[in-house]
J.: 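I have a structure here, written as structure tokens, and I will follow up with some questions on it.
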Amino acid sequence: MTQIGSNLQIDPERLWDTIHETAKFGATPKGGVRRLTLGPEDKQVRDWFRARCEAAGLEVHVDALGSMFGLRKGRDMSRAPIGLGSHLDTQPTGGKFDGVLGTLAALEVVRTLNDAGIETEAPICICNWTNEEGSRFAPAMMASAAYVGDFTTEDILSRRDAAGVSVGEALDSIGYRGDRPVGTQKFSGFVELHIEQGPILEAENKTIGVVDSGQGVLWYDGRITGFESHAGTTPMPLRRDALATLAEIVLAMEAIANRHGPKAVGTVGEAVIANPSRNVIPGEIAFTMDCRSAEAAIMDALDRDLRAAIAAIAARRKVEVTLDLVWRKPPTHFDPRLVDAVESAAKMLGLSHRRITSGAGHDACNLNTVMPAAMVFVPCKDGVSHNELEDASKADCAAGANVLMHTVLALAGVAS
Ligand code: HGY
Ligand code: MN
Ligand code: MN
């Protein structure tokens, strides 16, 4: 087998250009990207991605949930491919790099291997996973969760957004309900490049994060039922105010996360008042909650303490509160062999690096439950993500893509 040294490098300008070219699909005035999954902007970037994959000689196929796979043949097609990629959908106030870097770096790896005339032993397969963000349709990392069997394809196709549109209808509206059953594309391993979305690498002046673990996630749907009544005539002690109840719940969640910190976080990111009116006391509120920890025991404690606090608040305020756990993703421990391969690639390339836990969820976290997986992080400016200000440097993006490429080459082997 041929050895490839650090002189094989991706083309930083070409990668950077693809990141900024795709940022126009859903570009926002503040310089971010709003490209909700399975919407018109997602179709634009998917069409763009498919065309570039085909131009790079990849065999492209789409599965029943719209995930896209571009297969590059290897010398030994009896071996399952090494997967690499991420996602192209964004948050409503998303940035140019979350998911995009990992997906376009995978394309750049293919382009670089093509330019260098390198054939790998095992095939490689680049991926764009549908709805990693989970903003329009829950859960997050939806398609990779179905791929690993956490949800059936039928269940996911029936999920609806706030406007009542189902995943199936949205897939059909952009022409990306593929003909291949979910799970058809097999892999012998998966490596994902992503921005850290946190402050550690930048603070420590490290170029590469060798991701060995990831936080577990708890997603809740909550509903508060109080009593609508006149804002002017209802005495304070007689009110059953759903919004005041939610305010207490948010502060209780914050206190519970701090109490279990630093390895615990909690967020209420959505709240909708039914029939809001300035002079009506809110009677009905739907809200969502996202709690996380790298330790399963802390996740259980968060759940227990949240439910106890909410029950006490509801009783005192004489309102009803329901809290449904709609998604529980246990903490991730990535495959040691692949994590070591990432670390070896960073060392071989002479890049500063450190082991790190991912605070965010990623498709690789799901895939790791059925195959060996690992991740490569690069810094993002001020650790900011899920914000239109999200930014990263060309040099760091290129460094991450080079670590991704050399990790994949080490795993797939080089035939010539
Ligand atoms: O929520 C997450 O961690 C990911 O960004 N979807
Ligand atoms: Mn992401
Ligand atoms: Mn994200």
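Remember, it's 1-based here, ligands and their atoms both numbered in the order they're listed.
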J.: Looking at His386, which atoms of ligand 1 are within less than 4.0 Å of one of its heavy atoms?
T.: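 Every atom of ligand 1 under 4.0 Å from some heavy atom of His386: 5 (O).
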
J.: If I apply the N/O under 3.5 Å rule, does Met141 come out as touching ligand 1?
T.: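 No, since none of the N or O atoms of Met141 sits under 3.5 Å from an N or O of ligand 1.
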
J.: Counting heavy atoms only, which of Lys329, Glu133, Arg292 is nearest atom 2 (C) of ligand 1?
T.: Arg292

J.: Output yes if Asp98 passes the N/O/S-under-2.8 Å test against the Mn ion (ligand 3); output no otherwise.
T.: yes

J.: Short question: side chain of Asp212, backbone of Pro336 - any donor-acceptor pair under 3.5 Å?
T.: no

J.: I'd like to know if the Mn ion (ligand 2) has an N/O/S atom from His362 within less than 2.8 Å of it, counting both backbone and side-chain atoms.
T.: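 No, His362 does not qualify, because none of its backbone or side-chain N, O or S atoms lies under 2.8 Å.
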
J.: Using only atom types and a distance under 3.5 Å, with no angle test, would you say the side chain of His362 pairs donor to acceptor with the backbone of Ala364?
T.: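 Pair absent, no side-chain N/O of His362 close to backbone of Ala364.
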
J.: Quick test: of every protein heavy atom, which one is nearest to atom 4 (C) of ligand 1, and how far off is it to 0.1 Å?
T.: Glu132 OE2, 3.3 Å

J.: Enumerate the atoms of ligand 1 whose separation from the nearest heavy atom of Ala360 is less than 4.0 angstrom.
T.: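 Selected atoms, number and element: 3 (O).
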
J.: Specify the closest pair of heavy atoms between Thr112 and Ile10, including all atoms of both residues, with the distance to one decimal.
T.: OG1-CA, 3.4 Å

J.: Any side-chain to backbone donor/acceptor pair from Asn128 onto Arg46? Under 3.5 Å, distance only.
T.: no

J.: A quick test of your reading: do over 12 heavy atoms of other residues, nucleotides or ligands sit less than 6.0 Å from NZ of Lys43?
T.: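 Yes, enclosed.
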
J.: For the metal site, I want the angle between atom NE2 of His194 and atom NE2 of His87 with the Mn ion (ligand 2) at the apex, to 10°.
T.: 110°

J.: Tell me, which N, O or S atom in His386 is closest to the Mn ion (ligand 3)?
T.: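 For His386, the N/O/S atom sitting closest to the Mn ion (ligand 3) is NE2.
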
J.: Please report the shortest heavy-atom distance between Thr357 and Ala294, naming the atom on each side.
T.: CG2-CB, 4.3 Å

J.: Which pair of non-hydrogen atoms, one from Val403 and one from Ile208, has the smallest distance, and what is that distance?
T.: CG2-CD1, 3.7 Å

